[in-house]
Amino acid sequence: MPTSPLPRQNHLLAALPAAEFNRLEGDLERVRLSLGEVLYESGCKLSHVYFPTSAIVFLLYVLEDGGMAEVAIIGNEGMLGIFMFMGGETTPSRAVVQSAGWGYRLKAERMNTEFKRAGPLMRLLLRYTQALISQITQTAVCNRHHSIDQQLCRWLLLSMDRLSSDTLSMTQDLIANMLGVRREGVAEAAAKLQRAGLIRYSRGRITVLDRPGLEQRVCECYAVVKREFDWLLSDIPPGDPKHVLGPSMPD
Amino acid sequence: MLPSHLPIANKLLASLPRSEYQRLLPQLEMVQLTEGEVLCEAGTLMRYVYFPCTALLSLLTRVDEVEVFAVALVGREGVSSVACALGSQTSPFRTLVQSPGTAMRMKARVFTAEFRATAALREVVLAYVLQLTLQISQTAACNRFHVIEERLARWLLMTRDRLSSDHFHMTHEMLGNLLGVRRVGVTHAAHALKQRHLIDYSRGAIDIVDGIGLQAAACSCYRMVEGRHGKA
C-alpha cells in the first residue's frame with residue numbers, strides 16, 4: 001500500500017478550479033480500497049461517489065442470468081458513481097476494487113448539490129461521462145471482435161496507465177470474471193503473453209516486462225480509449241480552467 | 001415553426017414541462033429522414049441533434065477501420081448526438097437512419113447552450129444519457145455471452161418498441177451491423193426465428209408474428225434494459 005495520498009492525485013479533483021475544490025475538500029473522506037472490495041452492488045442505492053487516487057476499480061455489468069462482464073476500468077483519471085447525478089437512484093452495475101490502493105469519497109447528496117450548481121464541476125463531470133461512454137462502447141466492440149489475448153493486453157495497458165507501478169495484484173478468478181470468460185481461457189492467454197516475454201505472472205501478481213510489446217499486440221481499442229481520456233483534460237490548463245469549464249460558482 | 005398544439009411524438013420532448021417545450025419550439029425543425037442516411041459521421045462536427053418521432057436511428061462505431069458495429073438504437077424515447085451537450089466537439093458515433101420517418105432537429109450549438117442554461121432540459125437529457133449508457137453497457141455484456149439468435153430477437157424487439165409497430169423494414173446488412181456479424185450469420189439466425197414461427201420476413205420487410213414467443217427467444221438483456229427503464 002503506497003503512502004497516504006492527496007486528493008489532487010485524482011485527475012478530476014486536480015482539474016477543478018480552486019473555488020470548487022476548496023468547497024469540497026472538507027467533505028472528502030480518504031478511504032483505503034482493498035482488493036476484491038465491492039463499492040457498489042448492482043441494484044443498490046449509492047451512498048457515496050469515489051475518486052480513486054491509487055486504486056483501480058472495475059465496473060462490471062451484471063446480467064439477469066448472473067453473467068457479468070467488465071465494461072470500464074476506473075482509476076485516478078476518473079470517478080465512480082456518475083449514474084447518481086444522471087438521476088439514477090440505484091446503480092445497474094457492480095464496482096469491484098481490482099487493485100488495492102487509496103481513494104477519496106464524497107457523500108452522494110453533497111455531490112448532487114454541487115453538480116446542480118451547473119458550474120465547472122458539472123461541466124467536468126459531463127466530459128468525464130462522455131469519455132466513460134466511449135470506454136464502454138469500445139469494450140462492447142472489443143468483446144465482440146477481439147481475442148482474449150488482445151483483451152488481456154488492453155486491460156493490462158489501461159490498468160498500467162492508471163497505476164504508478166508496473167505490477168498488478170490480481171487472481172485469475174478476478175480476471176476471468178472481468179473478461180467474462182472461463183478461468184482456463186485467461187490462464188492460456190496469460191501463459192501466451194508470458195512465453196512471449198511480455199509479462200511475468202505468478203501467484204496473482206502480474207508484472208509488465210515489455211510495455212511496447214504489449215502495445216504492439218493490443219487491439220485498436222486501447223488507443224481509442226486512451227485518446228478519449230487524453231482529450232478529457234488536455235485543454236484544461238492547470239490553475240486556469242475557466243475558458244473550458246466556465247467561471248467558478250460563488251458560495 | 002411547428003404548431004404547438006399537436007401531440008409531441010418524441011417522448012423526451014414530451015416529458016419536458018410544457019412551457020419549456022413551447023420555449024424551445026421555434027428552435028425545432030421537423031425533418032423527413034430516409035433509410036440509410038448518415039446524419040453524422042464519427043469524428044466530425046455535430047451540426048444537429050435529432051429527436052426521432054417516427055424514425056429510428058442507430059449509433060455505429062467503427063471496428064478495425066473496416067467494419068461497423070451498432071452499440072445502441074435511438075428512437076422516440078431519445079435524442080442523437082448528446083455528446084455535444086457533454087462537451088465533446090466531434091461525434092463519437094456514426095448516426096445512421098435505421099428506419100425512415102420523421103424527427104425534430106435542433107442546431108447542436110443551440111441544444112448545448114439550452115442544456116447548460118436550463119435545469120429542466122438538463123434533467124431529462126441526463127436521464128436519457130443514463131439510459132443510453134446502460135444500453136451500451138448491456139450491448140457490451142450481451143455480445144460476450146449471448147448467441148446470435150437471442151441477440152437478433154432482442155434487437156428486433158427493441159426496434160418494434162421504438163417504432164410501435166410489428167412490421168418494419170430492415171435489411172440483412174443493417175441487422176449485420178446491429179449484431180456485429182456477417183450477412184450470412186444474420187440469414188441463419190433470421191431463418192431459425194422464422195422456422196419457430198416467431199417472425200416472418202421477405203426482402204427486408206420484417207413481421208413480428210409472435211411477440212411473446214420472440215421475448216422468450218430473446219436474451220435476458222431485453223427484459224433488463226427495457227423493463228427497468230420503461231418501454232421506449
Side-chain angles (χ1 to χ4, degrees), chain A residues 43 59-72 82-88 90-93 115-116 118-119 122-146 151 179-181 219-221 224 228 231-232 235 244-246, chain B residues 42 59-65 67-72 82-90 92-93 112 115-119 122-146 151 179-181 219-225 227-229:
Chain A
L59 213 54
L60 302 163
Y61 195 84
V62 186
L63 294 173
E64 217 177 59
D65 52 17
M68 72 190 140
E70 160 247 344
V71 292
I82 59 159
F83 299 117
M84 187 268 311
F85 62 70
M86 296 196 276
T90 62
T91 170
S93 44
F115 187 85
K116 287 201 170 126
M122 179 190 85
R123 293 187 183 190
L124 182 66
L125 292 183
L126 291 177
R127 282 173 151 242
Y128 173 66
T129 300
Q130 180 53 46
L132 192 65
I133 291 174
S134 295
Q135 191 186 156
I136 297 172
T137 302
Q138 210 58 41
T139 310
V141 170
C142 202
N143 284 354
R144 178 78 218 144
H145 294 270
H146 299 134
Q151 293 180 39
L179 291 178
V181 295
C219 46
E220 58 167 17
C221 299
V224 173
E228 220 27 67
W231 158 79
L232 174 66
D235 56 350
V244 178
L245 299 178
Chain B
L59 305 184
L60 302 163
T61 180
R62 231 194 336 234
V63 188
D64 301 325
E65 306 294 324
E67 285 177 78
V68 286
F69 170 60
V71 290
V82 281
C84 66
L86 303 181
S88 189
Q89 296 293 318
T90 57
F93 301 112
T112 303
F115 174 87
R116 287 189 175 172
T118 323
R122 205 156 54 226
E123 200 173 301
V124 298
V125 171
L126 283 178
Y128 176 67
V129 172
L130 174 60
Q131 208 196 329
L132 186 67
T133 309
L134 296 179
Q135 203 190 133
I136 299 172
S137 304
Q138 189 86 36
T139 304
C142 183
N143 282 343
R144 161 85 63 201
F145 292 105
H146 299 133
R151 293 196 291 120
L179 297 167
V181 296
C219 49
S220 58
C221 298
Y222 173 69
R223 278 194 310 282
M224 266 185 88
V225 169
R228 187 181 276 146
H229 305 286

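Chain letters run A, B, ... following the sequence lines, proteins first, then strands; residues in each count from 1. Every heavy atom of this structure was used, including side-chain atoms; hydrogens, water molecules and symmetry mates were not.
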Here the gap from A:Thr139 atom OG1 to B:Ile136 atom CD1, rounded to the nearest 0.5 Å, amounts to 10.5 Å

Inter-residue atom distance B:Thr133.OG1 - A:Leu59.CG, 0.5 Å rounding
10.5 Å

Using non-hydrogen atoms and a 4.5 Å limit, figure out which bit of B:Ala72 sits close to chain A: side chain, backbone, both or neither.
neither

Can you tell which part of B:Thr61 gets under 4.5 Å to a heavy atom of chain A, answering side chain, backbone, both or neither?
side chain

For A:Met86 and B:Val129, work out which heavy atoms get closest and say how close.
SD-CG1, 3.6 Å

Any chance you could measure A:Tyr61, atom OH, to B:Cys142, atom SG, to the nearest 0.5 Å?
10.0 Å

Gap between atom CG of B:Leu86 and atom OG1 of A:Thr129 - 0.5 Å precision:
6.0 Å

Where on B:Val82 is there a heavy atom nearer than 4.5 Å to chain A: the side chain, the backbone, both, or neither?
neither

Bottom line for B:Tyr128: the part with an atom under 4.5 Å from chain A's heavy atoms is neither

Got a second to check how far A:Trp231's CH2 is from B:Gln89's CD, nearest 0.5 Å?
8.0 Å

Nearest-0.5 Å distance, CG of residue B:Leu134 to CD1 of residue A:Ile136
8.5 Å

Can B:Leu126 and A:Leu126 be said to form a side-chain contact (heavy atoms from CB on, under 4.5 Å), step by step?
CA-CA 9 Å; B:Leu126 283 178; A:Leu126 291 177; 3.6 Å; yes

So which residue, A:Arg127, A:Arg123, A:Lys116, ends up with the most heavy-atom pairs under 4.5 Å with chain B?
A:Arg123

Which bit of B:Leu179 is near chain A, if near means a heavy-atom gap under 4.5 Å: side chain, backbone, both or neither?
backbone

